[in-house]
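Below is one structure, written out as structure tokens; comments come after it.
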Amino acid sequence: MTQIHVVVRRVSPAIKVDLVQIGRFKDGQFDPLPLGAVANTPIARFLENSDVSDSLYVKHSRIADLIAACEGFPGFNVE
């Protein structure tokens, strides 16, 4: 089973969204995956993309809900 990483970055406290990258480590490098790779998982319902950002993002107020949704995945942890 491939381990998927969800990286959340807070850009600015004034902006109420956090940028999200989904990917895996391949040959020691982070290899980004498209949203379609997790489209049928609980994670997808929290991720958004729009004219606001070229990157995926999650509303900061939903971070705790995103973490709770991921807790059921085998090997889940927060760093």
Side-chain angles (χ1 to χ4, degrees):
M1 177 185 287
T2 301
Q3 191 174 40
I4 302 294
H5 298 266
V6 179
V7 180
V8 180
R9 291 188 176 96
R10 183 73 187 212
V11 179
S12 167
I15 301 173
K16 298 192 184 320
V17 298
D18 300 318
L19 298 182
V20 175
Q21 281 185 295
I22 301 167
R24 59 186 171 168
F25 282 98
K26 183 178 179 182
D27 300 326
Q29 298 287 325
F30 187 78
D31 181 27
L33 296 171
L35 178 58
V38 295
N40 296 319
T41 68
I43 295 171
R45 71 175 184 251
F46 297 98
L47 304 179
E48 300 182 34
N49 59 353
S50 69
D51 293 342
V52 172
S53 173
D54 290 339
S55 300
L56 291 173
Y57 62 92
V58 60
K59 292 178 182 168
H60 187 70
S61 61
R62 300 202 66 201
I63 293 290
D65 296 331
L66 172 63
I67 292 169
C70 292
E71 288 178 333
F73 291 116
F76 172 75
N77 66 35
V78 175
E79 294 180 20

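Across every non-hydrogen atom of Phe76 and Cys70, the tightest pair is CE1-CB, 3.2 Å. For the residue pair Thr41 and Phe73, the shortest heavy atom distance occurs at CB-CZ, 4.2 Å. Nearest heavy-atom pair, Ala44 versus Ala39, reported as atom, atom and distance to 0.1 Å: CB-O, 3.5 Å.
The OG atom of Ser55 lies 7.0 Å from the CD atom of Gln21; values are rounded to the nearest 0.5 Å. Note that the CD1 atom of Ile43 and the CG atom of Leu56 stand 11.0 Å from one another [nearest 0.5 Å].
Using a 4.5 Å cut-off between side-chain heavy atoms of Ile, Leu, Val, Met, Phe, Trp and Tyr, with links allowed through other members, Leu19 and Leu66 fall into different hydrophobic clusters. Under a hydrophobic clustering in which Ile, Leu, Val, Met, Phe, Trp and Tyr are joined whenever their side-chain heavy atoms come within less than 4.5 Å, directly or via other members, Val11 and Phe46 fall into different clusters. Under the 4.5 Å side-chain heavy-atom criterion for grouping Ile, Leu, Val, Met, Phe, Trp and Tyr, Val6 is connected to Leu47 within one hydrophobic cluster. In terms of hydrophobic clustering, with Ile, Leu, Val, Met, Phe, Trp and Tyr side chains grouped at heavy-atom distances under 4.5 Å, Val58 and Ile22 are assigned to a common cluster. By the criterion of side-chain heavy atoms lying less than 4.5 angstrom apart, applied directly or through intervening Ile, Leu, Val, Met, Phe, Trp or Tyr residues, Phe25 is not grouped with Val8; the two fall into different hydrophobic clusters.
The 12-atom threshold is exceeded at CG of Asp31, counting heavy atoms of other residues, nucleotides or ligands nearer than 6.0 Å.
In this structure, a donor-acceptor pair under 3.5 Å is absent between the side chains of His5 and Arg24.
Annotation: side chain of Val7 is not in contact with side chain of Val20 (no heavy-atom distance under 4.5 Å). Looking only at side-chain heavy atoms (C-beta outward), Lys59 and Glu48 come within less than 4.5 Å of each other.
Using modelled atom types, one side-chain atom of Arg10 and one backbone atom of Ile15 make a donor-acceptor pair closer than 3.5 Å.
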